[in-house]
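Basis for what follows: all heavy atoms, side chains included, without hydrogens, waters or symmetry-related copies. In listed order, ligands and their atoms are each counted from 1.
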Amino acid sequence: MKNILVVNASNRKKGNSYALEQRITEQLNGRAEVTTFRIGEKKVNACLACDACKAQHTPSCIQKDDFTALIPEIDSCDAMLILAPVHWDQFPAQLKAFLDRTYSFMDFTQPDLSMAGRKDKKVAGYFFCGFGPVDAYTNMVETNLKSFATAGFTETKAHVAGDANAPASILEKPDDLKAADEMVEWLLA
Ligand SMILES: Cc1cc2nc3c(=O)[nH]c(=O)nc-3n(C[C@H](O)[C@H](O)[C@H](O)COP(=O)(O)O)c2cc1C
């Protein structure tokens, strides 16, 4: 069974990321081992850029917070699914902090700059926005997802659901739900 890490980066508990998290968790039940990391309920500090992690060749961080505790799971999972809102045309702040902290996987002595134990993992990003340009946001998500390659996520897939301001409105959008279903199958494949 695949081991899938679901990262929910919304603070809106009745919102779209939470609604889709519930639907996808039900779909994955019995088909994958799922670990859910809801960033809003966790402590994910900013990267200190202290380079303490560069003194070693396995991923680590001197900070004692929930990101550091998650490093082994990030390193060993088969795939990661990020569910998140677009905030001011970008990753929401806590998710950006999460991405920054994957600097702890960067190894300048390696040709691919990565000390990840596994480098064959998939990362999918399913994002929601209210009014912005879906094409531009999809590019933004794809660009950011590529940065997870340092942590060993070398295959990426992105989807942005537009016109999704109303809480849980994703559940009434057949095309976006189909994209979510396809994303789940891609993660499991
Ligand atoms: C602080 C903040 C910034 C936002 N910025 C944007 C934005 O730049 N473009 C956009 O289309 N929607 C923006 N939105 C709307 C959210 O992306 C949208 O409501 C989304 O569905 C929220 O997802 P969630 O319910 O999973 O939290 C913003 C919402 C908030 C609270």
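- Remark: the backbone N or O of M106 is paired with a side-chain donor or acceptor of K54 at under 3.5 angstrom.
- Shown here are the ring-ring contact (aromatic ring centres under 6.0 Å, His included) partners of Y126, two or more places apart in sequence or in another chain: F128, H159.
- The ring-ring contact (aromatic ring centres under 6.0 Å, His included) check on F67 picks up F98, with sequence neighbours excluded.
- Legend: side chain to side chain donor-acceptor pair (under 3.5 Å) pairs involving residues 68-92, not counting sequence neighbours, sorted by first then second residue: T35-E73, D65-T68, T68-R101, D78-R118, D89-Y137.
- Salt bridge annotation for K178-E182: present, with a cationic side-chain nitrogen under 4.0 angstrom from a carboxylate oxygen.
- For ligand 1, the protein residues placed under 4.0 Å by at least one non-hydrogen atom are S10, R12, G15, N16, S17, P85, V86, H87, W88, D89, F128, C129, G130, F131, G132, Y137, A164, N165.
- Using modelled atom types, one side-chain atom of N16 and one backbone atom of A164 make a donor-acceptor pair closer than 3.5 Å.
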